[in-house]
> 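Below you will find the structure I want to go over with you.
Just the heavy atoms: all of them, side chains too, but no hydrogens, waters or symmetry mates, feed the values below.
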Amino acid sequence: MRRHFFTLPFLLAWPLLGNAEEQRQAWIELSEGEGLVQIEVFSHLEEGMSGKYTLEVVKEGPSGRSVNKQGGNIPNSDGTPIGPLSVSRVSVEPSATLQVTLSVTDASGSTYHDTKSMAGD
């Protein structure tokens with residue numbers, strides 16, 4: 001009887017474990033070099049699906065706060081990852097922080113998000 005008690009929580013969590021392995025539909029990649037951060041935006045929508053994306057970059061540092069927003073269309077997907085849809089570069093001072101938020105909405109209305117943060121060195 002005790003074995004069933006421990007098996008039940010595992011079986012109930014099984015569907016959640018499968019979701020962790022699903023593909024990402026929208027993501028941000030950040031890379032640093034020479035005081036700049038490069039921001040690249042990607043999507044992986046279902047085949048035949050198009051959409052729109054919005055990107056918000058918030059930088060806070062000793063000289064203040066800046067907010068940059070941009071957006072665009074995502075062409076019909078062939079079922080493979082698309083991108084980079086956008087490439088931006090932002091200077092990041094040693095005491096500054098950067099928060100980047102991506103939202104992708106496909107033609108059916110489903111929305112996917114990714115957020116990345118980093119601090120200047």
Side-chain angles (χ1 to χ4, degrees):
M1 180 93 142
R2 186 171 202 103
R3 173 180 271 193
H4 296 288
F5 177 75
F6 289 112
T7 305
L8 182 60
F10 178 76
L11 291 175
L12 292 174
W14 186 261
L16 299 175
L17 296 173
N19 290 338
E21 296 176 9
E22 288 181 10
Q23 71 184 15
R24 298 180 294 172
Q25 284 78 21
W27 68 96
I28 303 163
E29 291 185 6
L30 302 179
S31 56
E32 287 184 85
E34 300 179 18
L36 294 175
V37 174
Q38 181 168 295
I39 304 163
E40 295 179 296
V41 173
F42 297 86
S43 75
H44 189 172
L45 301 178
E46 291 182 32
E47 186 172 350
M49 190 68 68
S50 62
K52 295 181 182 262
Y53 76 91
T54 58
L55 180 69
E56 180 179 86
V57 179
V58 178
K59 181 174 89 169
E60 293 189 57
S63 57
R65 181 176 196 257
S66 67
V67 179
N68 180 4
K69 295 181 181 185
Q70 67 182 54
N73 293 320
I74 301 171
N76 282 341
S77 173
D78 64 1
T80 62
I82 298 174
L85 297 166
S86 169
V87 177
S88 305
R89 289 176 187 84
V90 178
S91 64
V92 180
E93 299 80 20
S95 57
T97 59
L98 192 66
Q99 178 152 342
V100 183
T101 304
L102 170 67
S103 293
V104 169
T105 303
D106 67 20
S108 71
S110 296
T111 302
Y112 311 98
H113 302 280
D114 190 22
T115 300
K116 301 272 193 232
S117 298
M118 69 180 320
D121 293 330

> Test of understanding: with salt bridge (Lys or Arg N to Asp or Glu O under 4.0 Å), list the residues that count as partners of E56, not counting sequence neighbours.
K69

> Once side-chain hydrogen bond (donor to acceptor under 3.5 Å, both in side chains) is applied, do any residues pair with T101, and if so which ones, sequence neighbours excluded?
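Not a single residue meets the side-chain hydrogen bond (donor to acceptor under 3.5 Å, both in side chains) criterion with T101.
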
> Output the rest of the hydrophobic cluster of F42: all Ile, Leu, Val, Met, Phe, Trp and Tyr residues reachable through side-chain heavy-atom contacts under 4.5 Å, sorted by chain and number.
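For the cluster that includes F42, the remaining residues are W27.
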
> Step by step, would you call T54 with S103 a side-chain contact (heavy atoms from CB on, under 4.5 Å)?
CA-CA 5 Å; T54 58; S103 293; 3.5 Å; yes

> Hydrophobic clustering (ILVMFWY, side-chain heavy atoms < 4.5 Å, transitive) - are L30 and V92 grouped together?
yes

> Residues in salt bridge (Lys or Arg N to Asp or Glu O under 4.0 Å) with E60, at least two apart?
R65

> List in chain and number order the residues that pass side chain to side chain contact (heavy atoms under 4.5 Å, CB included) with T105, two or more places apart in sequence or in another chain; answer none if no residue qualifies.
T111

> Consider only side-chain heavy atoms of I, L, V, M, F, W and Y, link residues closer than 4.5 Å, and tell whether V100 and V90 are in one cluster.
yes

> If the condition is salt bridge (Lys or Arg N to Asp or Glu O under 4.0 Å), which residues does K116 pass it with, not counting sequence neighbours?
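Residues passing salt bridge (Lys or Arg N to Asp or Glu O under 4.0 Å) with K116: D114.
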
> So Q99 and T115, do their side chains get closer than 4.5 Å, heavy atoms only?
yes

> According to salt bridge (Lys or Arg N to Asp or Glu O under 4.0 Å), does anything in residues 71-85 pair up with another residue at least two apart or in another chain? List the pairs.
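Of all non-adjacent pairs touching residues 71-85, none passes salt bridge (Lys or Arg N to Asp or Glu O under 4.0 Å).
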
> Look at the side chain of H44 and the backbone N and O of I82, then say whether any donor-acceptor pair between them is shorter than 3.5 Å.
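Not confirmed, H44 side chain does not pair with I82 backbone.
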
> How long is the straight-line distance from OG of S43 back to NZ of K52, given to the nearest 0.5 Å?
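So the gap between those two atoms works out to 13.5 Å.
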
> Just jot down the side chain to side chain contact (heavy atoms under 4.5 Å, CB included) partners of E32, sequence neighbours excluded, or say none.
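Expected list: V37, M118, D121.
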
> State which residues pass side chain to side chain contact (heavy atoms under 4.5 Å, CB included) with Q70; sequence neighbours excluded, sorted by chain then number.
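Per chain and number, Q70 pairs via side chain to side chain contact (heavy atoms under 4.5 Å, CB included) with Y53, L55, S86, S88.
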
> Measuring from atom CD of E29 to atom CD1 of I39, what distance do you get when rounded to the nearest 0.5 angstrom?
12.5 Å

> Have a look at V58 and tell me which of V67, N68, L98, T97 forms a side-chain contact (heavy atoms from CB on, under 4.5 Å) with it.
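Running side-chain contact (heavy atoms from CB on, under 4.5 Å) over V67, N68, L98, T97 with V58 returns exactly one hit, V67.
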
> Please give me the minimum heavy-atom distance between N76 and G48, naming the atom from each residue.
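So the minimum-distance heavy-atom pair works out to OD1-O, 3.5 Å.
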
> Just jot down the side chain to side chain contact (heavy atoms under 4.5 Å, CB included) partners of D106, sequence neighbours excluded, or say none.
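Listed in chain order: L45, M49, S108, S110, Y112.
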
> Is there side-chain contact between L36 and S91, with at least one heavy-atom pair below 4.5 Å?
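Side-chain contact under 4.5 Å: yes.
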
> Going by the rule salt bridge (Lys or Arg N to Asp or Glu O under 4.0 Å), which residues pair with E93 if we only count those two or more places apart in sequence or in a different chain?
K59

> First locate atom CG of L102, then atom CD of E40, and finally report the distance between them rounded to the nearest 0.5 Å.
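Those atoms lie 12.5 Å apart.
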
